[in-house]
Each structure stands twice: as structure tokens, then as C-alpha cells.
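Down below is the structure, laid out as C-alpha cells.
Heavy atoms only: backbone and side chains are in, while hydrogens, waters and symmetry mates are out. Each chain gets a letter, A, B and so on, in the order the sequences are listed, and its residues count up from 1.
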Protein chains: 2
Amino acid sequence: MKSAKQIILRLFQYREFLMRAKSIGIKNVYSDTLAEALGSTATQVRKDFSLFGITGNKRAGYKLDDLLSQLSELLGKNQKQKIIIAGAGNLGKALMQYDGFKKEGIEIVALFDNDPVKVNIESSPPILPIERLFEFIGKNKINLGVIAVPYFAAQQMLDLMILAGIKGVLNFAPISLKSPKDFFINDINLRLELETVAYFIKPLKQED
Amino acid sequence: MKSAKQIILRLFQYREFLMRAKSIGIKNVYSDTLAEALGSTATQVRKDFSLFGITGNKRAGYKLDDLLSQLSELLGKNQKQKIIIAGAGNLGKALMQYDGFKKEGIEIVALFDNDPVKVNIESSPPILPIERLFEFIGKNKINLGVIAVPYFAAQQMLDLMILAGIKGVLNFAPISLKSPKDFFINDINLRLELETVAYFIKPLKQED
DNA sequence: TAGATTGTTAATCGATTAACAATC
DNA sequence: TAGATTGTTAATCGATTAACAATC
């Protein structure tokens with residue numbers, strides 16, 4: 001949907017690198033600088049920018065501040081993004097405590113779990129019972145969620161989220177979820193990613 | 001390197017689905033069954049199989065057991081895979097406690113952290129000081145690692161792992177790591193994945 | 001100016017999809 | 001057999017890379 005996920009991912013990476021570069025006092029960058037940082041190519045970088053109408057200065061590369069503000073404009077990272085997490089298991093809690101989100105404007109406003117033992121209204125963010133999810137989403141106008149529940153509960157959770165008004169999710173459940181066409185799902189299957197590495201480092205019987 | 005990561009990922013997904021199907025007593029599947037399960041297409045499924053010499057029966061689809069064993073043969077999932085995790089923060093611990101790995105033959109044999117408070121030789125798996133990483137990898141012949149340390153420590157950690165004999169890593173540090181050509185790195189940047197979802201659900205100013 | 005770097009067009013590459021013959 | 005499904009070839013699509021004119 002819309003422009004390819006991969007390009008957007010790269011734009012975010014450019015932005016991340018630029019913020020770090022800025023913090024150490026760099027004022028100008030070249031497509032080559034960015035390529036090097038990301039393990040990409042200068043052509044790729046300029047092509048990506050070109051696709052979104054981002055321009056630099058021939059001979060002088062890109063002014064870091066200008067580039068950064070153009071990217072931020074594009075990626076819309078000036079407003080806060082509130083999210084909720086379904087599932088307060090290890091992964092959910094790891095995400096909850098991961099402070100890299102906060103400084104990028106991503107605020108986890110609540111977790112939800114159906115295990116009463118995990119519920120904790122006092123924690124920050126609070127861990128609430130599933131029953132309150134629907135109401136919470138509506139009241140707080142949340143449109144982004146994370147699914148970190150077991151696979152057998154994932155589809156049901158997604159259906160509930162969609163009904164409540166969520167527009168896109170990051171899904172850690174290892175299953176292909178069904179959703180309307182205009183709903184955005186980003187699947188991450190950690191075990192699969194790990195197994196893939198295992199596959200590629202295996203001594204090969206035959207090349208192809 | 002070798003066959004595209006994406007195909008291998010799909011093969012793992014087929015295998016995962018087949019194991020679940022088997023557990024509920026299904027004996028035969030069609031390319032269409034698999035396509036449906038993965039949100040893919042029947043042509044894609046047959047193409048993937050064709051690329052690896054996996055065949056079924058015209059008119060009768062695939063015998064689940066045969067297919068499963070062919071995939072397992074290919075993906076080499078009959079031996080155990082030992083891994084270590086560098087970084088015993090929230091993410092490292094979440095992975096450590098995630099029991100989905102174990103039943104797929106992935107065994108986390110140790111975590112490593114340079115914070116003495118986190119070190120815990122008694123836990124299972126043990127959390128050891130970084131100083132023991134090099135020796136541990138050599139002694140236990142580990143070739144797969146996970147990098148779950150802060151970004152500024154990631155390159156150094158990778159260098160150490162490579163030196164110790166690791167052949168591939170799953171990297172959660174949000175930075176492009178440098179490594180030899182024959183070393184395999186699978187990068188996962190959770191924040192970026194989340195931001196990407198946020199981008200795609202944003203009300204658009206202009207289509208393209 | 002001369003040299004370096006951008007921005008874009010064209011070529012290439014790879015992956016997905018369509019079409020269809022083979023055949024159980 | 002007739003119909004359904006595989007396996008593969010060819011066509012399409014999209015993304016990456018190469019080439020190079022524009023120009024600061």
C-alpha cells in the first residue's frame with residue numbers, strides 16, 4: 001500500500017543517522033555519507049530522496065538541518081504517537097520498558113492482558129484487563145497497536161482492535177492475520193528471523 | 001547470499017503451518033491451502049517448492065508428512081541449534097524466557113552482560129559477564145548469536161563475537177554493523193518497524 | 001574554471017504473477 | 001475419462017544500479 005515499506009524504512013534510517021550526526025556537530029552530508037552509514041549506495045540514497053522531492057545542492061551535498069526537517073515533515077514525526085500493547089508477557093514488558101521509543105515521540109499509553117495477575121493499574125504505563133481495551137481505545141483515540149499475545153489469541157485480538165478503531169498494528173504473533181484492505185499490518189516473527197540466520201550460517205551441501 | 005532470505009523465510013512459514021496442520025490430523029495439503037494460510041498465492045507456493053526440488057502429486061496435492069520432511073531436510077531443523085545472547089536487558093530477557101524457541105530446537109545456552117548486577121550464574125540459562133563470552137563460545141562451539149546491547153556497544157560486541165567464532169547474528173541494535181563478507185547479519189530495528197506502521201496509518205496529504 | 005556532486009533517465013536485475021501443458 | 005492440481009515457462013512488475021547531463 002502506498003509507497004513501498006522498504007523505502008519508508010530507509011527514510012527513517014536516514015533520519016536516525018542524521019540526528020546522531022547532528023548531535024556530534026556535523027553540518028553537511030553527502031549522499032555518499034548516508035550510503036556509507038546504512039551500508040547502501042549513494043545512488044540509492046539520491047533515488048529515494050528524488051522520489052519524495054527532497055533536494056540538495058549540487059557540489060555541496062545536503063545541509064543537515066534542511067534534510068532533517070524535510071524528512072521529518074515527510075515522516076510526520078513532529079506529533080506524538082500514542083500506542084497500546086496487547087499482551088503483557090515478556091515481549092510486551094520489554095517493549096514497555098524500552099526507552100528508545102519515548103525519545104522518538106512514541107508513547108506507550110497502556111498494556112492489556114487477560115491474566116489478572118499481570119494487571120497493574122498503578123504501573124506506568126498501566127497494565128489493564130482486556131475488557132477495558134475497547135473503551136480505552138475509543139476514549140483515547142488510539143490508532144496504533146502492538147500484538148504481543150499468543151498466536152491462538154491474535155486474530156481475535158486484532159478483530160477487537162479493528163472494531164475499536166485501531167488503524168494499524170505491529171504483530172509479533174507467528175500467524176497470518178486477516179484484516180480489511182485499508183488496515184496496515186507489519187508482521188515480525190522473531191523465531192523465524194532467528195531460524196533464518198541459523199539456516200544461512202549452516203555449512204551448505206550444495207550451492208545454488 | 002545464497003538463496004534469497006525471503007524465500008527461506010517462507011519455507012519456514014510453510015513448515016510452521018504444516019506442523020500445526022499435522023497436529024490437528026490433516027494428512028494432505030494443496031498449494032492453495034498453504035497460500036491461504038500465509039496470505040500468499042498458490043503459484044508462489046509451487047514456485048518456491050520448485051526452486052528447491054520439492055514435488056507433490058498432480059491432482060492430489062502434497063502428502064503432509066512427505067512435505068514436512070522435505071522441508072525439514074532442507075531447512076536442517078533436525079539438529080539442535082545453540083545460541084547465545086549478548087545483552088541481558090529487557091529484550092534479552094524476553095528472548096531468554098520465550099519458550100517458543102525451545103520447541104523448535106533453538107536453545108539459548110547463555111546470556112552475557114557487563115553489568116555485574118545482572119550477572120546470575122544460577123539462572124537458566126545463566127547470565128555471565130562479558131569477559132567470559134570469548135572462551136564460552138569457543139568451548140561450546142556456538143556459531144549463532146543475538147545482539148541485544150545498546151547501539152554504541154554493538155559493533156564492538158560483534159567484533160568480539162566474530163573473533164570468537166560466531167558465524168551469524170540476529171541484531172537488534174539500531175545501527176549498520178560492519179562485518180566480513182561471509183558473515184550473516186539479520187537486522188531487526190523494532191522502533192523503526194513501529195514507526196513504519198505509524199507512517200502508513202497516517203492520514204495522507206497526497207497519494208503517490 | 002575544473003572538479004565534485006546532484007538529480008534523473010535508461011538498463012538491469014530479481015522476484016512475483018499469469019498462463020498453460022502435463023498428468024494423476 | 002473429466003476435472004483438478006501440479007510444475008514450469010514466459011510475461012510482468014518493481015526495485016536497484018549504472019550512466020551521465022546539469023550545475024554549483
Rounded to whole angstroms, how far apart are CG on Leu67(A) and P on dT6(C)? 11 Å
Approximate separation, where rounding is to 0.5 Å, of Ile201(A) CD1 and Asn186(B) CG: 11.5 Å
Starting at atom NZ of Lys63(A), determine the distance to atom P of dT6(C), rounded to an integer number of angstrom. 15 Å
Leu170(A) CG to Phe184(A) CZ distance, which is reported to the nearest 0.5 Å: 9.5 Å
Pairs touching residues 18-43 of chain B that satisfy salt bridge (charged side-chain N to carboxylate O under 4.0 Å, His left out), sequence neighbours left out: Glu16(B)-Arg20(B), Lys22(B)-Asp65(B)
Spell out, as yes or no, whether a donor-acceptor pair under 3.5 Å connects the side chain of Asp113(A) to the backbone of Lys118(A). no
Could you write out each protein N or O paired with an N or O of nucleotides 15-22 of chain D at a distance under 3.5 Å?
unit_1	atom_1	unit_2	atom_2	d
dT16(D)	OP1	Gln6(A)	OE1	3.3
dT16(D)	OP1	Arg10(A)	NH1	3.3
dT16(D)	OP2	Arg10(A)	NH2	3.3
dT16(D)	O5'	Gln44(A)	NE2	3.4

Give a yes/no on whether any side-chain N or O of Tyr30(A) is located under 4.0 angstrom from OP1 or OP2 of dC24(D). no
Looking at every strand, decide which applies to Phe49(B) at a 4.0 Å heavy-atom threshold: base, sugar-phosphate, or nothing. nothing
Rounded to the nearest 0.5 Å, how far does CG of Leu34(B) lie from CZ of Arg15(B)? 13.5 Å
Rounded to 10°, the helix from dG3(C)-dC24(D) to dC24(C)-dG3(D) deviates from straight, judged by its five-pair end axes, by 0°
Write down the distance between OH (Tyr62(A)) and P (dA4(C)), rounded to a whole number of angstrom. 18 Å
Short side-chain N/O contact from Ser50(B) to OP1 or OP2 of dG7(D), under 4.0 Å: no
How many whole angstroms separate atom CG of Asp32(A) from atom C1' of dG7(C)? 16 Å
Verify whether one side chain among Gln155(B) and Asp159(B) offers a donor that lies under 3.5 Å from an acceptor in the other. yes
Would you tell me whether Glu131(B) and Asn114(B) have side-chain atoms, one donor and one acceptor, within less than 3.5 Å of each other? no
Would you check if Pro125(B) and Leu111(B) make a side-chain contact, meaning some heavy-atom pair closer than 4.5 Å? yes
Can a donor-acceptor pair be found, under 3.5 Å and without considering hydrogens, that links the side chain of Asn143(A) to the backbone of Lys167(A)? no
Mind calculating the distance between CG (Asn28(A)) and P (dC24(D)) to the nearest angstrom? 16 Å
